[in-house]
Peer 1: 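Got a structure here, written out as structure tokens. Questions coming.
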Amino acid sequence: MSFDLVIHDGLLVTSSDTFKADLGINAGKIAAIGHKLSGKKTIDASGLYVLPGAVDPHVHLEMPVGKTRSSDDWFTGTLAAAYGGTTTVIDFVEALPQQSLVEALIDRKSLAENRAVIDYAFHMTLADAKEYTLEEIPAVINAGVTSFKTYTTYEGFRLSDSEFLRILKAVSTYNGLVIVHAENDSIIKHFTQELIDSGNMAPRFHPLSRPAIAEGEAIGRILSLAEAVDAPIYIVHISSAIGAKELANAQIQRKNVLGETCVQYLLLTEAEYQQPGFEAAKYVCQPPLRKSGDCAALWKALGDGSILTIGTDHCPFNFVGQKDLGSERFTDIPGGLPGIESRLSLVYSSGVAKGLISLNQWVSLCCTNPAVIFGLHPQKGSLLPGADADIVIFDPTLKKTISHNMLHENVDYTPYEGYELQGYPVKTLLRGEVIINNGKAIDIKGKGKYLKCGPPQVNLQPLP
Ligand code: DUC
Ligand code: ZN
């Protein structure tokens with residue numbers, strides 16, 4: 001038989017295997033993996049890796065923050081993601097005060113519809129544990145959102161321990177997954193006040209207001225609360241060695257304790273905050289960048305399988321016109337870094353090429369595990385027959401130096417300026433169609449579809 005499209009002779013890389021084969025695609029789905037397949041159209045992938053489209057479990061597109069919103073909208077942000085080999089993003093829904101969660105989801109979906117270039121799903125933010133909020137959980141799950149974002153800090157979002165317990169219990173009753181931004185609010189407030197009192201309000205003081213112990217304490221406490229009610233838990237953007245250690249300790253006793261880190265915490269350090277003038281504002285994010293020892297601990301946690309996903313927390317703000325809202329006080333700088341476009345290549349270059357993680361772990365961390373954990377697998381994150389033919393063809397020999405000019409993110413800088421890349425995607429396919437071909441986007445606005453997440457899978461075993 002002749003397939004719609006055959007990708008010939010690539011090295012197929014999945015979370016568990018690496019082998020040379022042809023991949024046949026029919027009607028947007030992976031139809032066969034074999035040898036000497038024939039296709040109406042063909043792509044020669046000899047010498048190249050063929051992997052599942054990457055899944056970014058943590059992005060914030062046109063997210064309202066104070067007086068502004070993150071600068072990538074659903075078109076520009078997903079287009080940049082596609083250039084970098086990401087074919088699915090998971091963003092967040094935040095209901096307005098008094099708004100129903102399902103209504104907020106409908107509003108957020110309508111922003112993405114007809115604009116997103118790749119497929120998208122959502123996490124639902126829970127900012128309180130009121131009865132009417134928890135009563136909506138089954139309807140939210142029914143609508144395709146099965147993970148629930150919570151915070152230990154930020155006014156308007158911070159939950160008390162008893163609210164956490166109620167949320168953990170309610171969400172796990174319906175087989176959902178609570179995900180947590182964990183930083184101790186009192187520690188942050190204490191140091192922020194000290195810095196204000198001593199007049200230290202330049203951006204370089206930002207990391208002093210949110211020390212690693214604030215993350216360590218909050219992760220430890222949240223894991224205890226989850227254990228108390230026997231609920232699964234996923235900690236987002238782990239940034240510190242102490243945070244990773246709390247996670248690994250809990251995993252000795254329990255399997256359903258999951259963690260994510262982000263590219264910036266693996267590659268960038270607090271040394272960036274010493275840049276002159278207001279430059280440090282480019283690196284203001286919560287949690288802040290840490291020490292090189294923290295980066296090393298996070299790479300180790302990826303290598304030993306205790307941290308199972310790498311996201312971006314892509315939340316870009318222009319240096320001119322947005323970050324400078326905080327020119328008087330670092331506390332007014334909108335927090336967040338860009339990174340949606342370079343994740344796959346940066347992790348390959350700094351992780352696989354340097355021997356810190358294996359080729360298969362790269363695929364697990366960036367493609368498969370996010371899809372499995374958030375209930376999108378095997379449709380996403382896999383090369384199994386029947387899966388969506390979301391595919392990245394990656395040239396491991398291609399060398400590039402990151403510059404703001406080469407990226408498509410709608411923001412006026414990149415924190416990775418000058419980073420040397422070893423390997424880059426040369427083609428991105430979404431449901432069987434080539435959407436990026438050798439650095440050119442092909443007529444794709446609005447091709448992305450909303451994905452309903454199934455039940456989260458929380459019992460992933462660490463890879464050997
Ligand atoms: N941290 C950031 O830096 N930006 C967006 C949200 C968050 O938690
Ligand atoms: Zn975030």
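Counting from 1, the numbers follow the sequence of the chain as shown. Atoms within each ligand, like the ligands themselves, are counted from 1 in listed order.
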Peer 1: Would you say the side-chain atoms of Thr401 and Glu420 include a donor-acceptor pair closer than 3.5 Å?
Peer 2: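 A pair is found: one side chain offers a donor N or O, the other an acceptor, under 3.5 Å apart.
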Peer 1: For Asn410 and Ser71, which I'm curious about, is there any donor-acceptor pair between the side chains at under 3.5 Å?
Peer 2: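 Ser71 and Asn410 do not have a side-chain donor-acceptor pair below 3.5 Å.
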Peer 1: Can you classify the ring geometry of Tyr120 versus Tyr450 as parallel (below 30°), tilted (30 to 60°) or perpendicular (above 60°)?
Peer 2: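 Tilted, since the angle between the ring planes falls between 30° and 60°.
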Peer 1: Please determine which of Lys452, Lys380, Lys449 meets the salt bridge (Lys or Arg N to Asp or Glu O under 4.0 Å) test together with Asp119.
Peer 2: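 Only match with Asp119 under salt bridge (Lys or Arg N to Asp or Glu O under 4.0 Å): Lys380.
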Peer 1: With a 3.5 Å cut-off and no angle check, do the side chains of Ser239 and Glu215 form a donor-acceptor pair?
Peer 2: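 Distance-only check passes for Ser239 and Glu215.
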Peer 1: For the Zn ion (ligand 2), state how many protein N, O or S atoms fall inside a distance shorter than 2.8 Å.
Peer 2: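 That number is 3, waters not included.
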Peer 1: Would you please test His123 and Phe374 for ring pair (Phe, Tyr, Trp, His ring centres under 6.0 Å) and show each step?
Peer 2: CA-CA 9 Å; His123 308 287; Phe374 293 110; 4.8 Å; yes
Peer 1: Which protein residues come within less than 4.0 angstrom of ligand 1, counting heavy atoms only?
Peer 2: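 Residues within 4.0 Å of ligand 1: His60, Tyr154, His181, His237, Cys285, Gln286, Asp313, Cys315, Gly335, Gly336.
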Peer 1: Can you confirm whether the side chains of His181 and Glu183 place a donor and an acceptor under 3.5 Å from each other?
Peer 2: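 Yes.
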Peer 1: Checking Glu62 against Asp72 for the side-chain contact (heavy atoms from CB on, under 4.5 Å) test, could you report, in this order, the C-alpha distance in whole Å, the side-chain angles of both residues, the deciding distance, and whether it holds?
Peer 2: CA-CA 6 Å; Glu62 48 188 293; Asp72 260 318; over 6 Å; no
Peer 1: Flag the pair His60 / His314 as yes when their ring centroid distance falls below 6.0 Å, and as no otherwise.
Peer 2: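 No; His314 has its ring centre 6.0 Å or more from that of His60.
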